[in-house]
Structures are given as C-alpha cells and as structure tokens.
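These numbers come from the heavy atoms of this one structure, side chains and all, not from hydrogens, waters or symmetry mates.
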Protein chains: 2
Amino acid sequence: MTATTEPMTDDEIHREIFDAIVGGRLAPGEKLGQDELGKVFGVSKTRIRPILHRLSDQKIVVMEPMRGAFVARPSVEDARAVNAARQIIEEGVIRAATRVAQPQHLKMLREIVAEEQRAREGRNGGRAHRLTGEFHCELARITGNDVVSEVVRELVSRDSLVVALYQRPSSSGCSLGGHADLVDKIEAGDEDAAAHAMRHHLQDVMETLDLGEEGRKSQALAKAFAHLGDKS
Amino acid sequence: MTATTEPMTDDEIHREIFDAIVGGRLAPGEKLGQDELGKVFGVSKTRIRPILHRLSDQKIVVMEPMRGAFVARPSVEDARAVNAARQIIEEGVIRAATRVAQPQHLKMLREIVAEEQRAREGRNGGRAHRLTGEFHCELARITGNDVVSEVVRELVSRDSLVVALYQRPSSSGCSLGGHADLVDKIEAGDEDAAAHAMRHHLQDVMETLDLGEEGRKSQALAKAFAHLGDKS
DNA sequence: CACTTCCAGATCGTATACTATCTTCTGATG
DNA sequence: CATCAGAAGATAGTATACGATCTGGAAGTG
C-alpha cells in the first residue's frame with residue numbers, strides 16, 4: 001500500500017494527518033515519527049517537518065524539542081480555555097448568523113440535527129460527534145465569512161481532542177437536543193436568546209466531560225495507577 | 001551586522017519578519033527570497049522555508065508556487081472579510097470583557113487611548129496605528145482567555161496590511177475617539193451598547209479607508225496609471 | 001521593425017547526508 | 001540487589017547538493 005506513483009501535495013498530506021487525528025484514528029499522545037510518516041506517504045522528512053509544524057500551530061500536535069512530534073494531549077486548563085473561547089467567539093457568531101439567516105440555512109442546520117439524532121440512536125458516537133462539530137461549522141458558514149468559518153473550524157477541531165481525552169464512557173455524544181434549541185432561537189430571530197442558549201449549550205457540553213476535580217493529568221497514567229487511589 | 005555568532009531560534013526569526021511586516025518596514029508585495037533571508041539571519045533556506053509557510057498560514061505572506069514568497073497584498077474582498085470577521089468576533093469579545101472588566105483593566109485601556117491621542121496629535125501615524133491594534137488586543141486580554149487573545153491578535157495583524165495598502169494619505173490614524181467611547185460603554189456595564197459601539201467602530205474604520213468603488217486592484221499600478229483615468 | 005523562439009541565469013522545491021541530542025541497554029559498583 | 005555510569009542505537013535538526021521551473025534577454029524569422 002506504499003504508493004510510489006502518486007506525488008501527493010503537501011496540503012493533501014496535511015489533511016490526511018489532520019483528519020486522522022480529529023477523526024480519532026490517532027490517539028492523543030501518539031508519537032508521530034518523521035521518518036515513519038515519510039515512509040507512509042512516500043516522501044522525505046524534509047516535507048513532513050513543515051507539515052508537523054503547521055499542525056503544531058493548529059494545536060493539534062505538540063513538538064517537543066529534540067524529542068519529536070506527538071498528537072496533542074490538551075490539559076484540563078487547555079480544555080477549559082478552548083471551551084471558554086468558543087463561548088465568547090461563537091456568541092458573536094450566532095448573533096451574526098441570527099441576523100442574516102435564511103430559510104435554506106435553517107433547513108441545512110435541521111438536517112444536521114436530524115442526522116445527529118439518528119447517529120446517536122444508532123449508538124454511533126463517533127459519527128454523532130463529527131456531526132456536532134459540523135453543526136457549529138455550518139452555523140459559522142451562515143455568516144458568509146470565510147475568516148470566521150476558519151476560526152470556528154480550528155476551535156472545533158481542537159475540541160475533538162478534548163472529548164477524545166475526557167469524554168465519559170457513559171455519555172455517547174454531545175448535549176441532548178441542544179442544537180435543535182439553537183436553531184429554534186435563530187428561526188425566531190431572537191438574537192439575545194440565541195446567544196444565551198449558545199453559551200449555556202457550550203457550558204453543558206463541558207459538564208458532560210470528566211475533567212476530574214483535581215485534573216486527571218495524564219489519563220493513561222491515572223488509569224494505570226487507579227488502584228492506588230490517586231492521592232496526588 | 002551579519003552576526004554569525006548568534007544561533008537565533010526559529011521563533012525569533014519568525015517574530016523578526018512578522019514585526020517587520022506588521023510594523024510596515026516591509027511593504028505589501030515585497031519579495032521575500034529564501035536565500036536572501038537565509039543570509040540575513042545567517043542560516044540556511046531549510047530553516048527559512050517553514051517560517052515562510054507559517055507566515056503564509058497567518059495570511060501575512062503569500063507563497064506562489066515556484067515563484068517564491070511575498071508580503072501579502074490583501075484584496076479589497078479580503079479587507080472586507082477580515083473587517084467583517086472582526087465585527088462578528090470582537091462583538092463576542094467586548095461582551096465578555098464588559099461582563100468581567102475590573103477597574104485596573106479600564107485604567108489600562110484608558111492609558112492606551114491617551115497615548116494614542118498623543119501620538120495622533122504628534123502626527124505620528126505609525127505609532128497611533130500600532131496603539132490602535134494594541135487597544136483591541138488588550139481588550140481581548142481582559143477576557144483572560146489566551147485562545148481569544150491569539151485570535152484577535154491574528155486578525156489585528158492582518159488588518160495592519162490592509163491599512164498599509166488602503167489608508168487614505170489624509171487620515172492620519174484610526175477613528176477619532178472611537179476607543180474612548182468603547183471604554184465608557186464597558187465601564188457603564190452596558191453590554192449591548194458596548195457591542196453596538198464596537199460594530200460601528202469597526203465599520204467606521206473601514207470607511208476611513210480608500211477601497212475604491214470598483215476596487216483599486218494593485219494600488220501601485222493604479223497610482224502609476226492614474227493619468228489614464230482608470231477605465232477598468 | 002515587430003514578434004516569436006530559445007538559451008542562460010536565478011530561484012524554488014526536494015532528497016540525501018551529516019551532526020547533535022536523546023533513549024536504552026549493558027555492565028560495573030556500592 | 002539496587003543504582004548509576006557509559007556506550008550503542010535511534011531519531012530530531014540542519015546544511016549541502018541536485019533537479020525543476022520561472023524570468024529576462026538575445027538571436028532568429030516573417
């Protein structure tokens with residue numbers, strides 16, 4: 001499967017790794033060896049390194065000096081910061097979206113919500129979570145502003161790692177029906193209500209996570225030493 | 001002045017180029033040769049290239065395939081998109097800031113406004129503009145959220161290129177006293193008024209620019225052929 | 001004389017080679 | 001037996017070298 005015939009552009013390689021991480025196929029903390037990735041994509045380290053740096057800028061990957069690149073393992077503080085940032089930024093987004101939303105936009109959102117519901121009923125947690133992210137991205141796209149869309153996209157992708165790390169095994173997906181409520185508020189044209197709902201929606205998402213009272217630092221370690229009673 | 005003794009980290013080189021561009025020492029459209037930059041900083045192309053790519057991700061630089069890197073020359077559409085994005089995002093920011101602002105924060109903002117005023121009276125347009133950007137960044141920092149600060153910082157830096165390209169020679173700096181008004185609204189704790197003021201402030205900034213009715217595409221060319229009457 | 005074609009110089013993009021640093025295993029020592 | 005020092009292997013970081021592509025000018029042709 002090591003294709004030697006396809007040139008494959010840098011952006012394609014980037015997207016491949018990006019999707020693998022956000023899609024959960026690469027677990028947080030996983031090592032991303034340069035030579036190894038180079039062989040996978042049939043190119044040299046020289047082209048892998050900048051891509052890794054780019055992923056590092058996106059906070060999807062961390063590069064430890066002279067140690068290598070790893071899939072990011074956001075701390076509890078990071079998780080809270082990203083969520084807080086989303087509360088702040090997506091408030092502006094949903095307000096702007098509410099002002100300009102057209103029926104076709106609402107239809108699109110409702111379709112995503114419906115699919116989300118179906119995925120959750122089908123116990124397809126991965127798909128449900130992906131659709132959750134898509135909902136927020138699509139909401140941002142209603143503003144018609146690519147810059148905003150890109151910012152939201154980045155924040156949503158960072159949140160993917162957070163849920164991968166801190167999701168409770170019990171809770172299958174995201175909040176239950178919170179998105180439908182948002183669409184209702186947008187349709188009603190009630191900007192303040194929509195903004196309020198968005199803030200609380202994101203807070204709810206945060207509360208479904210298991211962030212541990214004192215912050216389950218490494219997760220793998222915490223699980224490994226659970227029998228000791230976690231006295232730190 | 002070509003120091004061969006200092007190793008100079010990648011981030012330092014990045015910041016050096018970044019500041020040179022945002023600070024206006026490198027004009028939009030300027031060529032950024034890889035070998036040339038390598039010699040300036042006493043390193044090889046290999047280290048310059050990823051830095052250029054990073055600046056490209058930040059939209060401060062554009063990389064044309066097989067042609068090289070150039071200081072970005074944002075189009076009128078780009079300018080409008082960034083400004084619109086700021087209206088959307090900074091609305092959320094100023095609302096969050098209004099909710100949590102402390103007296104010390106207000107003091108900090110007023111100091112910047114005062115310095116800004118002084119710079120403008122001293123006909124120091126460059127300094128005034130830099131302080132304008134700093135005001136918005138400092139406002140974002142009130143939220144206490146680094147993610148938000150970083151997003152705003154990025155947007156503000158992109159706007160630097162916009163004003164470098166499209167600023168009217170007449171208007172020395174940014175809006176006249178718009179910032180003081182924002183601080184007043186924040187101090188009053190009136191979230192809606194603050195948000196409203198922010199949106200209009202950014203719109204005002206946009207209107208001080210000379211974006212040309214049909215979009216003064218290259219600026220240098222437009223000036224060069226002004227005598228022809230610009231029939232495009 | 002104007003236009004096209006071709007060649008030389010320059011610069012970008014990538015692979016390979018080398019050096020520095022970290023990790024790990026082995027072996028010695030308290 | 002536990003611990004620490006040292007060497008070998010592996011991997012990151014950087015520079016150099018080579019091939020590909022673009023730009024600009026010179027020569028050729030209608």
Side-chain angles (χ1 to χ4, degrees), chain A residues 2-17 20-21 26-73 218 220-221 224, chain B residues 2-17 20-21 26-73 218 220-221 224:
Chain A
T2 54
T4 56
T5 54
E6 2 165 331
M8 210 173 187
T9 182
D10 285 10
D11 283 341
E12 284 172 343
I13 297 175
H14 171 88
R15 169 158 286 275
E16 206 68 36
I17 301 175
I21 294 175
L26 254 42
E30 191 110 3
K31 167 115 199 198
L32 299 172
Q34 303 184 349
D35 286 323
E36 198 178 340
L37 284 172
K39 280 180 184 168
V40 169
F41 294 105
V43 299
S44 176
K45 285 194 311 185
T46 320
R47 289 180 61 190
I48 297 294
R49 272 182 63 72
I51 294 170
L52 253 22
H53 271 104
R54 188 167 155 198
L55 290 164
S56 168
D57 281 341
Q58 297 178 296
K59 312 291 184 186
I60 295 294
V61 158
V62 290
M63 300 198 70
E64 300 185 18
M66 283 296 176
R67 295 261 348 267
F70 304 83
V71 177
R73 169 190 289 292
S218 112
L221 271 63
Chain B
T2 54
T4 56
T5 55
E6 4 164 331
M8 210 173 187
T9 182
D10 284 11
D11 283 341
E12 285 172 342
I13 297 176
H14 172 89
R15 170 158 284 274
E16 205 68 35
I17 302 176
I21 295 175
L26 254 41
E30 191 110 2
K31 165 117 200 197
L32 299 172
Q34 302 183 351
D35 286 322
E36 197 179 341
L37 284 172
K39 280 182 183 168
V40 168
F41 293 106
V43 299
S44 177
K45 283 195 312 186
T46 318
R47 290 182 59 190
I48 297 294
R49 271 182 64 74
I51 293 170
L52 253 23
H53 271 104
R54 189 167 155 199
L55 290 164
S56 167
D57 281 342
Q58 298 177 295
K59 313 290 184 186
I60 295 294
V61 159
V62 291
M63 299 198 69
E64 300 184 19
M66 283 297 173
R67 295 260 348 267
F70 305 84
V71 177
R73 169 190 288 293
S218 108
L221 270 64

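Between the CG atom in A/L32 and the CG atom in A/L37 there is a gap of 5.5 Å [rounded to 0.5 Å]. Note that CD1 of B/I13 is 5.5 Å distant from CE of B/M8, once rounded to the nearest 0.5 Å. Atom OG of A/S44 and atom NZ of A/K39 lie 11.5 Å apart (nearest 0.5 Å).
Listed by residue number, the members of residues 60-67 of chain B with any heavy atom below 4.0 angstrom from DNA chain C are B/M66, B/R67. Looking at residues 44-55 of chain A, you'll see A/K45, A/R49 sit with a heavy atom under 4.0 Å from some atom of DNA chain D.
Take B/E36 and apply the side-chain contact (heavy atoms from CB on, under 4.5 Å) test, not counting sequence neighbours, and it matches no residue. For the salt bridge (Lys or Arg N to Asp or Glu O under 4.0 Å) test, residues two or more places apart in sequence or in another chain that qualify with B/R47 are B/D10. Scanning for side-chain contact (heavy atoms from CB on, under 4.5 Å) contacts around A/A20 gives A/R25, A/L26, with sequence neighbours left out. Checked against side-chain hydrogen bond (donor to acceptor under 3.5 Å, both in side chains), A/T9 has no partners two or more places apart in sequence or in another chain.
Going from atom CZ of B/F70 over to atom P of C/dT11 covers 11 Å, rounded to whole Å. Taking atom CD of residue A/Q34 and atom P of nucleotide C/dC18, one finds them 19 Å apart after rounding to whole Å. One can place CD of B/E36 at 14 Å from P of C/dA10, the figure rounded to the nearest angstrom.
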Under 3.5 Å donor-acceptor pairs involving side-chain atoms of residues 50-71 of chain B, not counting sequence neighbours:
residue: B/H53; atom: ND1; partner: B/R49; partner atom: O; Å: 3.2
residue: B/R54; atom: NH1; partner: B/D11; partner atom: OD1; Å: 3.0
residue: B/Q58; atom: OE1; partner: B/H14; partner atom: NE2; Å: 3.2
residue: B/E64; atom: OE1; partner: B/R67; partner atom: NH1; Å: 3.0

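From the 5' end on, the contacts that DNA chain D makes with chain B at under 4.0 Å to a non-hydrogen atom open and close at D/dT14 to D/dT23.
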